[in-house]
2 protein chains.
Amino acid sequence: MVTLKDISRDVGLSITQVSRALGGHTDVNAATRERVQLAATRLGYRPNAIARSLKTGRSGIVAMIVAGSRDPDSNAHLFEIVMGLSAEISALGLQFVLHVGQPGADVVKLHTELYRSGGIDGFVIIGPSPADPRIKCLTDLGAPFIVHGRDPEQPHPFVDIDNFDVGRTMADHLLSLGHRRIAFLNGPLSEFFAIQRQRGVDAAFAAHGLSVDPALMRSITMIEPQGRSAARDLLQLDNPPTAIIAGNTMIARGVYHAAADAGVSIPGDLSVLAHDDGLELFPAAGFEPPLGGTSAHLSAAWISLSADLKQIIAASKTPMHNRILDLTFDKGSATQSILVDRSMPVGP
Amino acid sequence: MVTLKDISRDVGLSITQVSRALGGHTDVNAATRERVQLAATRLGYRPNAIARSLKTGRSGIVAMIVAGSRDPDSNAHLFEIVMGLSAEISALGLQFVLHVGQPGADVVKLHTELYRSGGIDGFVIIGPSPADPRIKCLTDLGAPFIVHGRDPEQPHPFVDIDNFDVGRTMADHLLSLGHRRIAFLNGPLSEFFAIQRQRGVDAAFAAHGLSVDPALMRSITMIEPQGRSAARDLLQLDNPPTAIIAGNTMIARGVYHAAADAGVSIPGDLSVLAHDDGLELFPAAGFEPPLGGTSAHLSAAWISLSADLKQIIAASKTPMHNRILDLTFDKGSATQSILVDRSMPVGP
DNA sequence: GCGGCGATCCCAAACGTTTCGGAATAGGCG
DNA sequence: CGCCTATTCCGAAACGTTTGGGATCGCCGC
């Protein structure tokens with residue numbers, strides 16, 4: 001390994017001065033600096049990250065800890081999250097560590113031990129549940145972290161979208177088209193984003209002087225097979241929905257399949273909207289008819305998340321960065337207005 | 001942060017003795033050791049990984065570097081690889097770092113710089129191509145690493161399966177059932193495993209005194225859509241294949257879809273075999289009729305890989321661990337014997 | 001009484017870096 | 001000539017750990 005000492009010997013300067021030359025300090029002669037830099041590249045010098053960390057107290061490593069799981073369902077999103085996050089964090093000159101615990105391991109303990117052992121500057125937390133113990137743990141530890149999504153029960157820095165608006169916007173669009181029997185294939189209600197989306201749907205109904213039919217509100221794992229079977233279920237009801245809101249594009253794919261299976265045409269017999277996370281592996285493109293709905297690309301979230309986390313790490317006192325990302329809505333071609341009682345106007 | 005100094009102050013011993021007590025050295029009184037351990041847990045001591053690394057020269061971190069890519073196709077497998085590897089490596093008390101480079105970054109340079117900067121004990125390389133520059137680079141650097149798969153053009157430690165046998169076994173089974181027009185939806189021929197599988201198929205044909213029809217050998221990205229369109233293509237030939245060998249279960253899924261689309265029944269009109277990597281997200285289960293073929297679970301590969309890499313890191317001189325994992329074959333229910341010219345016996 | 005020995009302990013150096021405080025030199029100015 | 005400043009350099013300490021080479025003490029056998 002090439003060290004500062006090697007360079008200092010080579011150029012005949014002290015270690016101190018070599019360090020300063022390379023570090024861009026002012027008290028070093030321009031000619032000297034150049035000589036040092038030349039020697040450094042000639043010898044193939046790379047500063048030792050470990051030694052630097054020990055001295056500065058920062059390792060430049062941020063970690064995300066996920067529970068290992070034999071259940072592939074829970075991992076459907078994770079891949080793109082890891083790829084996206086890792087790329088953004090690398091781009092900021094930091095390193096990203098994915099720590100996959102053994103199935104059944106205590107995730108809170110893992111955070112504590114990893115932080116206590118130094119070497120981790122900060123953490124990323126995804127998919128928080130209400131009163132999430134990871135957030136409490138890291139707050140108590142005083143460890144820098146940021147959450148994708150949020151936990152309403154404790155203050156913390158986060159990057160999120162307005163999930164209330166997701167539910168409200170899509171439900172409102174369908175209600176305005178005259179739909180009344182609207183089903184919602186929502187994510188797991190153990191997570192806050194799903195709760196908020198449900199509230200948004202409720203609010204849209206309330207704004208139209210209506211209320212949701214609980215039998216049409218489903219909370220499922222957000223993957224295609226679950227969406228398909230839930231949609232099949234809904235379409236077999238005595239009084240099936242005329243529209244379905246899907247929590248993501250994978251669920252929507254299941255809905256399209258279930259509709260095809262049941263001989264139900266989209267949008268003729270059934271209108272469909274979905275929230276699109278902009279995932280590359282599960283694109284909103286390729287639906288026929290083209291799928292509409294709200295959209296917020298997760299890739300944008302990783303950019304904000306990384307930048308904010310870097311700031312939080314740099315700051316001595318955790319700033320409460322709370323960033324709400326933009327949401328767009330596209331009505332697509334998978335929805336259709338239905339005949340409604342003209343005594344109940346739905347537009348201007 | 002709780003350090004050895006804090007404990008030493010607490011129990012009234014020297015830092016040296018505290019370190020030795022915790023490190024399990026012999027020259028420390030049993031009673032003293034207990035006192036130290038108690039104090040350590042009471043104060044919440046965790047050894048500082050950075051300081052330890054600086055002293056010992058080992059960080060306990062192994063890394064895998066992948067090129068960031070806007071192309072989701074290339075990532076289809078990667079997720080389970082990352083999850084599996086990370087879990088196994090964590091289980092060995094090491095850390096796994098996934099480094100996702102910017103799209104277009106020089107992967108070889110990333111390996112060099114990351115290794116030179118200390119902090120990385122070893123690397124995992126997957127999907128080697130012939131004369132892979134990453135392998136050359138790490139060999140030149142003297143860095144510990146292990147490859148999943150192998151590069152025949154340079155010696156290096158690896159864990160792999162017998163891909164020649166994969167091709168040979170499946171082709172042989174179909175040939176023995178009387179099939180002659182056998183298609184092979186292989187992976188990209190830029191990677192050695194696909195080359196070997198092709199050679200295995202060729203060898204099986206040769207053993208039967210036959211040779212493959214090049215028009216039926218396809219090299220594709222190993223995901224469902226590609227498999228589907230390739231299979232559609234094959235089934236539209238004037239003289240379509242009576243059997244298809246799929247490189248993995250995702251391709252097989254595409255084949256099943258294409259067959260359904262074309263009104264071709266499996267196994268009545270078309271026999272199908274596939275190699276199964278045992279991936280949880282793309283299971284071989286759920287096929288109707290049940291899919292058969294060779295099988296080798298990648299999870300087994302990660303276990304061997306991690307253990308071997310750990311040994312390589314511990315050793316001063318790189319041992320050339322070359323491990324070939326077991327392969328199993330199940331004929332499934334998606335193949336069927338076809339009428340053959342009785343003048344050409346196919347069995348005992 | 002003395003050398004030796006086992007048990008238990010500690011000093012100090014080292015890993016490679018950053019940085020505080022100062023030192024050396026040269027030049028300007030009264 | 002003495003003083004001050006600016007420029008350029010360096011010694012030494014520190015981060016927390018591990019470890020080689022002792023130190024100390026009590027006790028045994030001769």
Side-chain angles (χ1 to χ4, degrees), chain A residues 1-37 39-40 43-61 93 113-121 314 316, chain B residues 1-37 39-40 43-61 93 113-121 314 316:
Chain A
M1 181 192 298
V2 184
T3 71
L4 286 181
K5 201 196 289 195
D6 298 318
I7 301 182
S8 85
R9 207 180 359 240
D10 188 273
V11 299
L13 282 174
S14 73
I15 294 181
T16 302
Q17 210 53 8
V18 173
S19 172
R20 296 186 111 91
L22 260 26
H25 287 238
T26 55
D27 60 349
V28 38
N29 189 301
T32 308
R33 159 165 305 128
E34 197 154 352
R35 233 172 71 234
V36 170
Q37 280 167 341
L43 299 177
Y45 171 76
R46 293 250 85 205
N48 184 302
I50 302 269
R52 178 178 282 175
S53 299
L54 182 59
K55 181 62 190 158
T56 63
R58 296 254 165 71
S59 64
I61 298 181
E113 299 199 338
L114 217 51
Y115 186 65
R116 284 255 178 81
S117 73
I120 303 291
D121 286 353
S316 47
Chain B
M1 182 193 297
V2 184
T3 70
L4 286 180
K5 201 197 288 195
D6 297 319
I7 302 182
S8 84
R9 208 182 357 242
D10 187 272
V11 300
L13 283 173
S14 73
I15 292 180
T16 301
Q17 210 54 9
V18 172
S19 172
R20 297 185 116 96
L22 261 26
H25 286 237
T26 55
D27 60 348
V28 39
N29 189 300
T32 308
R33 161 167 302 131
E34 197 154 354
R35 235 171 71 233
V36 170
Q37 281 167 338
L43 298 178
Y45 171 76
R46 293 250 83 205
N48 184 303
I50 302 270
R52 178 177 282 176
S53 298
L54 183 59
K55 181 63 190 158
T56 63
R58 297 255 164 71
S59 65
I61 297 181
E113 299 199 339
L114 218 50
Y115 185 65
R116 284 256 178 81
S117 73
I120 303 291
D121 285 353
S316 47

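Here is the naming used below: chain letters follow the sequence lines, and residue numbers restart at 1 for every chain. All values derive from a computational prediction rather than experimental measurement.
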- Message: Mind checking if B/Asp27 touches a base, just sugar-phosphate, or nothing, with heavy atoms under 4.0 Å?
- Response: base

Given the structure, check if the side chain of A/Thr16 and the base of D/dG11 hold any donor-acceptor pair shorter than 3.5 Å.
yes

Does A/Ile50 reach a base, just sugar-phosphate, or nothing at all? Heavy atoms under 4.0 Å.
nothing

note: A/Glu34, atom CD; D/dT8, atom P; distance rounded to Å ~ 14 Å

note: B/Ile7, atom CD1; D/dT18, atom P; distance rounded to Å ~ 11 Å

To the nearest angstrom, the CD-P distance between A/Gln17 and C/dT19 comes to 14 Å

Would you say the side chain of A/Arg35 lies within less than 4.5 Å of the side chain of A/Leu13, judging by non-hydrogen atoms? yes

| query | Which part of the nucleic acid does A/Asn29 contact within heavy-atom distance under 4.0 Å: base, sugar-phosphate only, or nothing? | reply | sugar-phosphate

d(A/Ser59 OG, B/Ile61 CD1) to nearest 0.5 Å is 8.0 Å

From CZ of B/Arg33 across to C1' of C/dT8 the rounded distance in Å is 12 Å

Among C/dT17, D/dC10, D/dT17, the one nearest any side-chain atom of B/Leu4 is D/dT17

Measuring to OP1 and OP2 of C/dT17, would you say a side-chain N or O of A/Ser19 lies under 4.0 angstrom away? no

Would the base of D/dG20 count as contacting B/Arg20 through its side chain, where contact means a donor and an acceptor less than 3.5 Å apart? yes

Q.
Would the distance check show the side chain of A/Gln17 and the main-chain N or O of A/Asp27 forming a donor-acceptor pair, the cut-off being under 3.5 Å?
A. yes

Are any non-hydrogen side-chain atoms of B/Asn48 and B/Thr3 less than 4.5 angstrom apart? no

When rounded to whole Å, the CZ to P distance for the pair A/Arg116 and D/dT17 reads 14 Å

Original post:
Which part of the nucleic acid does A/Thr3 contact within heavy-atom distance under 4.0 Å: base, sugar-phosphate only, or nothing?
Top reply: sugar-phosphate

Check your understanding: Does some side-chain heavy atom of A/Glu113 sit less than 4.5 Å from a side-chain heavy atom of B/Arg46?
Key -> yes

Give a yes or no on whether a donor-acceptor pair under 3.5 Å exists between the nucleobase atoms of C/dA7, that is its base, and the side chain of B/Thr26. no

B/Lys5 atom NZ is separated from D/dT18 atom C1', nearest whole Å, by 16 Å

Side-chain atoms of A/Thr56 come closest, of D/dC10, C/dG16, C/dT18, to C/dT18

Walking DNA chain C from its 5' end, the first of B/Ile15 and A/Leu54 to be reached, judged by nearest nucleotide, is B/Ile15

Between NE2 of A/His25 and P of C/dG21 the distance, given in whole Å, is 15 Å

Closest to the side chain of A/Val28, out of D/dC9, C/dT17, C/dC15, is D/dC9

B/Leu22 atom CG is separated from D/dG16 atom P, nearest whole Å, by 16 Å

